[in-house]
> 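First, the structure itself, so that you have it in front of you.
Note that this is a predicted model, so its numbers are computed, not measured. Below, read A as the first sequence line, B as the second, and so on, with proteins coming before strands; counting in each chain starts at 1.
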Amino acid sequence: MVERKKVFIGAAWPYANGPLHLGHIAGCLLPADIYARYCRLMGYDTLFVSGSDMHGTPIMVTADRLGLTPEEVAEKNHASILKTIEDLGISYDLYTKTHTEHHFQVVQEIFLGLLEKGWIDRKTDVAPYCPVCGKFMPDRYIEGTCPFCKFGEARGDQCDGCGKVLDASELLLPRCRICGSSPEFRETEHFYLLLSKLEPMVREFVDLRKDEWRTNTRNNTENFLREGLRDRAITRDLTWGVPIPLEGFEDKRIYVWFEAVCGYLSASKLHSKIVQRPGLWEDYWKDPECRHYYFLAKDNIPFHTIIWPAILAGYGGLNLPYDIPSNEFLQWDGSQFSKSRGHGITVNDFLEDYPVDPLRFYLSLNMPEKGDSNFDLGEFVQKNNTELLGALGNYLHRVVTFIKNNFGEVPRRGELTPDDVKMLTTAEELYRSALSSMEKVRLKEGITILMSLVNEGNRYFNGQAPWKLIKEDMQRCSTVLNVALSVGKIIMYGMYPYIPHAAARWFAMMGTTGPEDNEWNEALVPFREGMKLGMPSPLFSRLEVDTAKEEQTSNGAVKTVETENKKEEENVEQISFEEFMKLDLRVGTILSVEDHPNADRLYVLKVDIGEEEPRTLVAGLKRFYKKEEMQGKSTIIAANLKPANMRGVVSNGMLLAAESNEVVGLLTVDPDRELPPGSKIH
RNA sequence: AGCGGGGUGGGGUAGCCAGGAUAUCCCGUCGGGCUCAUAACCCGAAGACCAAUAGUUCAAAUCUAUUCCCCGCUACCA
C-alpha cells in the first residue's frame with residue numbers, strides 16, 4: 001500500500017494584542033484552512049495548527065495603558081480570536097497559545113539544544129539601565145547625542161539626524177526618555193542566535209526550495225540573505241515571556257521572534273498529548289516525506305524562510321519548511337487595515353452582519369495572493385448576489401427543486417447523449433483541474449475554475465430545457481436531471497474547502513453526509529438512483545449593503561482594545577488658562593514649500609512669523625496638500641514647540657491643522673482682516 | 001531614501017515565472033432567448049494601441065533595459 005502523503009500546515013500566529021480583522025483572515029487563516037480541508041479531502045495525513053502569540057513589548061504597553069496585566073490582555077484577545085476562528089470554521093487540529101507551561105518547555109528544550117550545539121552563545125554587553133525606573137531600557141526608550149553628527153536627539157538604535165544605525169552605548173549624553181535621568185551602563189548577559197554560523201545551512205535550504213515559492217517570498221528572502229545574516233540577540237531584559245532555563249537569568253526572557261515560531265512544534269506536540277498519542281507529532285516532524293506549509297502575510301516572511309529554518313536546522317532532526325505561501329495585504333477602503341487608526345473591521349463585527357460562507361467565498365475570490373487587494377463591501381454584496389447566489393446557489397437550487405417537485409428522488413440515468421457525456425467529461429476535467437490548482441496552493445485559481453464549471457452546468461441545463469422534456473420525454477428528462485445533479489455534486493465537492501458550511505448543508509439536503517476525508521473521488525460517483533431527497537431550501541440569501549452600518553464601519557468603528565482606550569483619552573482633561581497660555585500660537589505666512597529630501601510624506605516649509613529669519617518647519621501634509629495650495633497661506637503656528645528633527649531636517653514649530661476621517665485642513669487666518677505674520681493668538 | 005508588490009476595455013480582475021494565432025472572468029451598457037430556479041439562468045454586441053520608450057525574437061501583455069505612476073513595509077507623518 002502506498003503510504004499516505006503527509007502534510008503539516010501552520011498558519012502564522014496572530015498577535016494577541018487585539019481581535020482579528022479581515023486582513024488576518026484573508027492573509028493566513030482562510031488560505032491555510034482551505035488548504036487543510038483540501039488536503040484532508042485528498043486523503044493526506046494532515047496536521048493543522050496555530051495559536052496566539054501572547055508575549056512581547058506591545059502587549060505590555062497595552063496592558064500598562066489599560067491598567068491590566070499582560071496576561072489579562074493576551075487572554076482577553078485570545079478568547080476573542082478563538083471565537084472568530086470558530087465562527088469562521090477554521091478547521092485547526094489545535095489552536096493554542098504561547099503562554100503555557102507546555103510551550104515554555106518546548107521552547108526551552110530547543111533553546112538548550114541550540115546552546116549545547118553551539119548555535120547559541122552568550123555575550124556580555126553593556127546596556128543602558130535606568131536607575132530611577134529600575135530597569136534596563138529598550139533601545140527606543142533612550143536618547144542622546146549622536147556620536148557622528150552630534151544631533152541631540154538620536155535614539156538608542158538609530159540617529160534621525162544622519163540616519164546611522166547606532167548602538168545605545170555609543171550615544172553621548174544619554175538619557176531615559178521616560179524620566180529623563182541619565183542611565184547607567186550596566187553589564188548584562190544575553191543569548192545570541194548565531195545566524196552567521198547558521199547561514200550556510202539556511203542558504204542551502206533556500207536554494208533548494210525557492211524555485212517553487214511565490215515571487216514575494218523568494219525575493220524577500222534572497223534580499224535578506226544577500227546582506228548576510230547577523231547574529232541576533234534572542235533574549236531581552238523583560239519579565240513577560242518565556243523564561244530562560246538557566247540560573248542567573250531570572251529577569252530575562254526569550255524574545256518573541258525566537259519563541260513564537262517554536263509554537264509550530266510545541267502546538268504539534270501538545271496536539272499529540274491531547275489526542276493521547278504521544279509520539280504522533282514525530283510523524284509530521286521527523287518523517288522527511290512530510291511537507292510543511294506555512295501560511296502568512298508578507299511581513300512575516302523572513303521569520304519563516306530564514307530564522308525558523310535556521311533554528312530547525314541548528315537543532316537538527318526536524319523537518320524544514322516545504323512551501324511558504326505568503327500573501328500580500330488585504331486593504332479596507334483603499335488603505336491598510338490598522339488597529340491603531342481604527343481603520344477596518346473586525347471579523348467578529350463583520351460576522352454579526354453577514355454570514356460566514358459569503359465572506360469565505362468573497363475572500364477566496366479576492367485573496368491577496370499576488371498583490372494587495374481591496375475589501376469592498378459593495379463588491380462583497382455584489383459577488384454574493386451574482387456569483388455565489390445567482391450562479392452557484394441558483395444552479396443547485398433549480399436542479400434540486402425541479403427533481404424534488406417532479407421525482408422526489410434521484411432520477412434514473414438512461415442512455416447518455418453526446419451532450420450529456422460532454423457535460424460529465426467537462427465536469428470531471430474541471431474538477432481535477434481545480435484540485436490540481438489547490439494542490440499548488442493556487443486557491444484563487446481553484447475557485448475560479450469551479451465557478452466556470454457552475455457556468456457550464458447552467459448552460460447545460462438551459463440547453464437541455466428539462467421543463468420541456470418533462471412534457472415530451474420523461475425518460476430523457478430523468479437522464480438530464482441525473483446528469484445535472486451529478487454535476488452539482490462534483491461542484492460541491494470542489495467548493496467544500498472554500499465554503500464548507502454551505503457544502504455540508506447541501507449534502508444534508510441530499511440526504512447524505514458531506515465530503516469526508518479521503519473522499520475526493522466520491523465526487524465523480526453519481527448519487528444512488530432512487531435516493532430520496534430532503535426538502536430543498538436555498539443555500540444562500542440575497543444580501544444588501546446596510547448603508548448605516550457601512551457608514552459606521554468605514555468611519556473606523558473597529559472595536560479594539562486600542563479604540564476602547566482611545567475613548568478614555570477623548571475625555572479631555574481640563575486645563576487652566578495659564579496652562580493654555582503656555583502655548584505660543586502665532587500667525588505664520590508660508591513662504592515656500594519643498595519636498596523633504598529624505599522622506600516621502602513630509603514637506604519642508606519656510607514660514608514667516610515676524611522674525612528676521614523665516615522658520616523652518618517640517619509638516620506631514622504631503623498627502624493632503626499640493627505645494628501650490630499651501631504657498632502664501634496665512635496659518636496658525638505653534639511657535640514655542642521644542643524643535644524636533646524629522647528625518648534629518650529640524651522643525652522649529654508646528655502647523656495647526658484639523659483632521660477628521662483622513663480629511664485634513666489647515667487652520668487659516670481670516671483673510672478679510674489685516675493680521676501680519678507673528679500676530680499673537682489668544 | 002531602502003525593500004517588496006503592482007499598472008490589462010467604464011470599474012474590479014485573470015493571463016506574465018515555463019513567449020505563439022479571436023487577451024479571461026465579474027459588474028456596468030446595448031440587443032435577444034428562456035420561464036425550471038432566490039427578477040435568478042442562457043445567447044449575442046459594443047468597448048483594451050495589455051503604463052511609456054528602446055531592445056531580444058519568425059513571434060512579446062508575457063523576456064531584457066530604462067523611465068513614469070500607484071500601493072504597502074521600514075522611517076516618519078510637528
> How far, in whole Å, is B:U74 from B:G12 if one measures between their P atoms?
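The same atom, P, in both gives a distance of 26 Å.
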> Would you mind checking if A:D376 and A:K383 are paired as a salt bridge, meaning a charged N to carboxylate O distance below 4.0 Å?
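Judged by the 4.0 Å cut-off on N to carboxylate O distance, A:K383 and A:D376 do not form a salt bridge.
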> Separation of A:L485 atom CG from B:C36 atom P, in whole Å?
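Whole-Å distance recorded here is 19 Å.
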> Are any of A:K298's side-chain N or O atoms less than 4.0 Å away from OP1 or OP2 of B:G72?
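The answer is no; no side-chain N or O of A:K298 sits under 4.0 Å from OP1 or OP2.
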> NA contact type, A:Y395, heavy-atom cut-off 4.0 Å: base, sugar-phosphate, or nothing?
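Answer is nothing: A:Y395 stays at 4.0 Å or more from every strand.
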> Compare the minimum distances between each of B:C36, B:C26, B:U13 and the side chain of A:T401, then state the nucleotide with the smallest one.
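Between B:C36, B:C26, B:U13, the one nearest the side chain of A:T401 would be B:C36.
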> Looking for any heavy atom pair under 4.0 Å, which part of the strands does A:T386 touch: base, sugar-phosphate only, or nothing?
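If one applies the 4.0 Å heavy-atom cut-off, A:T386 turns out to touch the sugar-phosphate alone, with no base involved.
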> Measuring centre to centre across the rings, with the benzene-like ring taken for any Trp, is A:F380 within less than 6.0 Å of A:Y354?
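Between A:Y354 and A:F380, which both carry aromatic rings, the centre distance is below 6.0 Å.
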> If pairing requires Watson-Crick or G-U wobble contacts with both distances under 3.5 Å, which nucleotide is the partner of B:C63?
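Here B:C63 is engaged in a pair, and the nucleotide opposite it is B:G55.
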> Could you check how far NZ of A:K383 sits from C1' of B:U13, rounded to whole Å?
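From A:K383 NZ to B:U13 C1': 8 Å.
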> To the nearest angstrom, how far is A:N300 atom CG from B:G72 atom C1'?
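Whole-Å distance recorded here is 15 Å.
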> Taking the six-membered ring of A:F527 as reference, does the cationic atom of A:K489 (NZ for Lys, CZ for Arg) lie under 6.0 Å from its centre and within 45° of its axis?
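Yes, A:K489 and A:F527 form such a contact.
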> Taking the C1' atom of each, how far is B:C34 from B:C41, in whole Å?
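Straight-line distance between the two C1' atoms is 8 Å.
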> Does a side-chain N or O of A:N220 approach OP1 or OP2 of B:C73 to a distance below 4.0 Å, or not?
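So the side-chain polar atoms of A:N220 never come under 4.0 Å of the phosphate oxygens OP1 or OP2 of B:C73.
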> Can you tell me the distance, in whole Å, between the CZ atom of A:F375 and the C1' atom of B:U13?
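Taking CZ of A:F375 and C1' of B:U13, I get 17 Å after rounding.
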> Does A:Q475 have more than 12 heavy atoms from other residues, nucleotides or ligands lying within 6.0 Å of its CD?
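Counting neighbours around CD of A:Q475, 12 or fewer heavy atoms of other residues, nucleotides or ligands fall under 6.0 Å, so no.
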> Which base, if any, makes a Watson-Crick or G-U wobble pair with B:G2, both distances under 3.5 Å?
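Across any shown strand, B:G2 pairs with B:C73.
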> Pick the C1' atom in B:G10 and in B:C30, then give their distance to the nearest Å.
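Each nucleotide's C1' atom is 14 Å from the other's.
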> Does the structure show a Watson-Crick or G-U wobble partner for B:C41, both distances under 3.5 Å? Name it, or say none.
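Paired with B:G33.
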> How many Å lie between CD1 on A:I306 and C1' on B:C3, as a whole number?
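Atom-to-atom, A:I306 to B:C3, this comes out as 14 Å.
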> Nearest to the side chain of A:N219 - B:C36, B:C26, B:G5?
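Of B:C36, B:C26, B:G5, B:G5 is nearest to the side chain of A:N219.
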> Just checking A:P538: base, sugar-phosphate only, or nothing, at a heavy-atom cut-off of under 4.0 Å?
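Result for A:P538 = base.
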> Hey, does A:R442 reach any base, or is it just sugar-phosphate, or nothing, if we go heavy atoms under 4.0 Å?
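It contacts base atoms.
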> Any chance the rings of A:Y362 and A:F375 have centres within less than 6.0 Å?
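Yes - the distance between ring centres of A:Y362 and A:F375 falls below the 6.0 Å cut-off.
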> Determine all donor-acceptor pairs shorter than 3.5 Å in which one atom belongs to a side chain in residues 441-449 of chain A; sequence neighbours excluded.
unit_1, atom_1, unit_2, atom_2, d
A:K444, NZ, A:M367, O, 3.0
A:E445, OE1, A:S437, OG, 2.7
A:T448, OG1, A:K444, O, 2.7

> Between B:C77 and B:G5, how far apart are the P atoms? Round to whole Å, please.
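These two P atoms come out 28 Å apart once rounded.
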> Between B:C27 and B:C68, how far is it from one C1' atom to the other, in whole Å?
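That atom pair is separated by 30 Å.
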> Taking only Lys NZ, Arg NE, NH1 and NH2, and the carboxylate oxygens of Asp or Glu, determine whether A:E456 and A:R459 approach each other closer than 4.0 Å.
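A:R459 and A:E456: salt-bridged.
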> Measuring only the C1' atom in each nucleotide, how far is B:G28 from B:U35? A whole number of Å is fine.
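Pairwise C1' distance, B:G28 against B:U35, rounds to 25 Å.
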> Check the geometry between A:W467 and B:C36 and answer yes if their rings are stacked (centres below 5.5 Å, planes below 30°), otherwise no.
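A:W467 vs B:C36: stacking yes.
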> Given the C1' atoms of B:U56 and B:C63, what is the spacing between them in whole Å?
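Rounded to whole Å, the distance is 8 Å.
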> Using whole Å, what does the distance between atom P of nucleotide B:C41 and atom CG of A:L389 come to?
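Interatomic distance, CG of A:L389 to P of B:C41: 9 Å.
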> Can you check the A:N458 CG to B:C36 P distance for me, whole Å?
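So the CG-P distance, A:N458 to B:C36, works out to 15 Å.
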> Between A:W213 and A:F402, which is nearer to the 5' end of RNA chain B once each is assigned its nearest nucleotide?
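Residue closer to the 5' terminus by nearest nucleotide: A:W213.
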> Is A:I403 touching bases, backbone alone, or none of the nucleic acid, heavy atoms closer than 4.0 Å?
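No contact.
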> Just compare B:A40, B:C26, B:A18 and give me whichever is closest to any side-chain atom of A:N455.
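Output: B:C26.
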> Measure from the ring center of A:Y322 to the ring center of A:Y293 and say whether it is less than 6.0 Å.
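Here the rings of A:Y293 and A:Y322 have centres that are less than 6.0 Å from each other.
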> Name the residue closer to the 5' end of RNA chain B, choosing between A:N394 and A:G390 according to the nucleotide with the nearest heavy atom.
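First, find each residue's nearest nucleotide; the 5'-ward one identifies A:N394.
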> Using a cut-off of strictly less than 4.0 Å, decide whether A:R459 has a side-chain nitrogen or oxygen near OP1 or OP2 of B:C43.
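Checking A:R459 against B:C43: at least one side-chain N or O falls below 4.0 Å of OP1 or OP2.
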> Using a cut-off of strictly less than 4.0 Å, decide whether A:N462 has a side-chain nitrogen or oxygen near OP1 or OP2 of B:C36.
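The answer is no; no side-chain N or O of A:N462 sits under 4.0 Å from OP1 or OP2.
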> Counting only side-chain heavy atoms from C-beta out, which of B:U35, B:A40, B:C26 sits nearest to A:R542?
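Shortest atom-to-atom distance from the side chain points to B:A40.
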> Output the rounded distance in Å from CD (A:Q382) to C1' (B:C25).
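Rounding to the nearest Å, CD of A:Q382 and C1' of B:C25 are 12 Å apart.
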> Measuring only the C1' atom in each nucleotide, how far is B:U8 from B:U24? A whole number of Å is fine.
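That atom pair is separated by 11 Å.
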